[in-house]
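Here is the structure we will look at, set down as structure tokens.
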Amino acid sequence: MPTESELLSAVTAHPDDDAPRIALAKHWGGDRERFVLGQLKWIAAARKGYGDPDMLANERLGEPHLRAWEGPSPSA
């Protein structure tokens, strides 16, 4: 099983591929996983030209955790 560092490196190395982001989200689990998956769902909907009614719920899910989840940049 890849480490968090390896998964972050994969996200950085493949910016147009959601698979590494999904793997990282699953590694984190819990609210953080749901938040990331919700963001990916919203982005996919936006790319198709329509909004996602769950976006507000996803934003509320992430609000209390944003500082902790942001952490250092993988390139820092």
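No hydrogens, no waters, no symmetry mates; every other heavy atom, side chains included, goes into these values. Numbers for residues simply follow the sequence, beginning at 1.
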side-chain contact (heavy atoms from CB on, under 4.5 Å) between L8 and L24: does it pass, once the steps are laid out? CA-CA 7 Å; L8 284 167; L24 181 60; 3.5 Å; yes
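- In this structure, NZ in K41 is found 13.5 Å from CZ in R34, a value given to the nearest 0.5 Å.
- Looking at L7 and T3, their side chains never come closer than 4.5 Å, going by heavy atoms from C-beta outward.
- Side-chain contact between R21 and Q39: absent, with no pair of heavy atoms (C-beta onward) separated by less than 4.5 Å.
- Here the closest non-hydrogen pair linking P20 and H14 is CG-CB, 4.3 Å.
- Between I22 and L37, some side-chain heavy-atom pair lies under the 4.5 Å cut-off.
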